[in-house]
Amino acid sequence: LLIPQSEQYRFLYGGVAGEAELARLMPDGGLQVAFRFLHDRVQQAAYRLIKEEDRQALHARIGRLMLAQPERTDKWLFESLDHLSLAADLLQEPAECLAVAQLCHTASRRAKSAAAHTAGAKYAELGLKLLAAAGAAEASGARALDFDLQLLLAESAHASGHYEQAEVRFSALLQQASSNVEHGRATLACMAMYNTMGRKHDSLRIGKQCLSRFGITLAETPEAARA
């Protein structure tokens, strides 16, 4: 029912001779053996055997073990976070929550680049949940991360066609922005949404409001500009 993914699995069942060979080939003891299920239905059947109250702890353990691995591929990132998302209630330490939230930010951006907007929103929501749950949003550097995750969530809503939800999020971001740069980033993203919706006047309005924060004032009419 399990298929080994490398030849190293034989050392698990080699007895004393196998242990001696392993010690010779890997003196640091760095044996890593991976298996996969024969079929998805086998995996699903095995999962159903796990008591429901034990599943969160299992997902947390798997997610933490994966984060401890040196691998840093997209597959590693998404699978690690998928496990941790199912155990989010068990993540309470601020340092761990902040570290996982940073990974969520990376995952959300990569999903956005691949036009996987639903997945991008999922990872952004997980990151925000972790920052809030552990009070990690108050930690050094975490406020900017919180803003970035909220902006990704608003952009995902826009890209998914959820304009009302996106507009609410963009409006909140424009209020929360702590610098002209943050305000400008939120403004550009919101203007893109208004242009998509054909709301040119709203796009111009918030663009002018943003420019005013930089000391730039645009004339209301061509006549005023020539004056």
Side-chain angles (χ1 to χ4, degrees), residues 1-93 95-131 133-134 149 152-153 156-157 159-160 162:
L1 299 181
L2 292 175
I3 300 175
Q5 299 300 286
S6 72
E7 292 298 319
Q8 293 182 359
Y9 80 95
R10 67 184 188 276
F11 292 121
L12 296 176
Y13 312 104
V16 175
E19 291 178 4
E21 180 70 3
L22 175 61
R24 184 181 70 82
L25 296 175
M26 298 181 178
D28 61 351
L31 176 65
Q32 293 187 7
V33 182
F35 294 84
R36 68 176 176 84
F37 285 98
L38 178 64
H39 193 278
D40 287 346
R41 291 187 178 179
V42 177
Q43 181 180 5
Q44 293 163 7
Y47 189 76
R48 285 196 294 269
L49 294 175
I50 302 170
K51 293 181 180 179
E52 192 166 347
E53 60 268 24
D54 295 334
R55 290 177 183 175
Q56 272 197 333
L58 180 60
H59 283 296
R61 182 184 177 192
I62 294 172
R64 285 167 173 154
L65 285 172
M66 291 186 70
L67 291 184
Q69 300 302 309
E71 183 179 0
R72 289 295 182 271
T73 63
D74 283 353
K75 183 175 184 291
W76 163 87
L77 175 64
F78 295 135
E79 288 186 358
S80 299
L81 292 178
D82 287 344
H83 279 291
L84 292 174
S85 69
L86 296 172
D89 293 340
L90 301 183
L91 307 183
Q92 299 295 332
E93 290 295 324
E96 181 180 43
C97 287
L98 180 57
V100 176
Q102 289 169 337
L103 291 176
C104 287
H105 178 256
T106 301
S108 184
R109 289 181 59 190
R110 291 183 184 176
K112 175 188 171 185
S113 297
H117 302 299
T118 299
K122 179 184 73 172
Y123 295 123
E125 287 175 338
L126 175 60
L128 289 168
K129 178 179 179 179
L130 292 174
L131 288 179
L149 287 168
L152 283 167
L153 197 54
S156 293
S160 300
H162 304 308

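Bear in mind the structure is a predicted one, so any value in this text is a computation, not a measurement. We count residues from 1, following the sequence as given.
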Is [Y] close to [X] at the side-chain level, that is, under 4.5 Å between some pair of heavy atoms?
X	Y	answer
Leu152	His105	yes
Leu149	Lys129	no
Ile50	Asp54	yes
Leu77	Leu81	yes

Please name the pair of heavy atoms, one in [X] and one in [Y], separated by the smallest distance, quoted to 0.1 Å.
X	Y	value
Ser80	Leu67	CB-CD2, 3.8 Å
Tyr47	His59	OH-NE2, 2.8 Å
Arg72	Gln69	NH1-O, 2.6 Å
Leu130	Ala88	CD2-O, 4.1 Å
Leu84	Ala60	CD2-O, 4.1 Å
Ser156	Gly120	OG-C, 4.0 Å

Neighbour count >12 (heavy atoms, 6.0 Å) for atom [atom1], [X]:
X	atom1	result
Arg41	CZ	no
Arg109	CZ	no
Glu93	CD	no
Lys122	NZ	yes
Arg61	CZ	no
Glu52	CD	no

Quick one: does Ser108's side chain have a donor or acceptor within less than 3.5 Å of a partner on Cys104's backbone? no
Gln92 side chain vs Asp89 backbone, donor-acceptor pair below 3.5 Å: yes
I'd like to know whether Gln102 forms a side chain to side chain contact (heavy atoms under 4.5 Å, CB included) with Thr106, so could you lay out the CA-CA distance, the side-chain angles of the two residues, the decisive distance to 0.1 Å, and finally the verdict. CA-CA 6 Å; Gln102 289 169 337; Thr106 301; 5.9 Å; no
Before giving the answer on side chain to side chain contact (heavy atoms under 4.5 Å, CB included), spell out for Arg64 and Val100 the whole-Å C-alpha distance, their side-chain angles and the decisive distance to 0.1 Å. CA-CA 10 Å; Arg64 285 167 173 154; Val100 176; over 6 Å; no
Rounded distance (nearest 0.5 Å) linking atom NE2 of His83 with atom CZ of Arg55: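 CZ of Arg55 is found 13.5 Å from NE2 of His83.
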Measuring from Gln56:CD to Leu58:CG, what's the distance to the nearest 0.5 Å? 11.0 Å
On the 0 to 90° scale, with breaks at 30° and 60°, tag the Phe78-Tyr123 ring pair as parallel, tilted or perpendicular. parallel
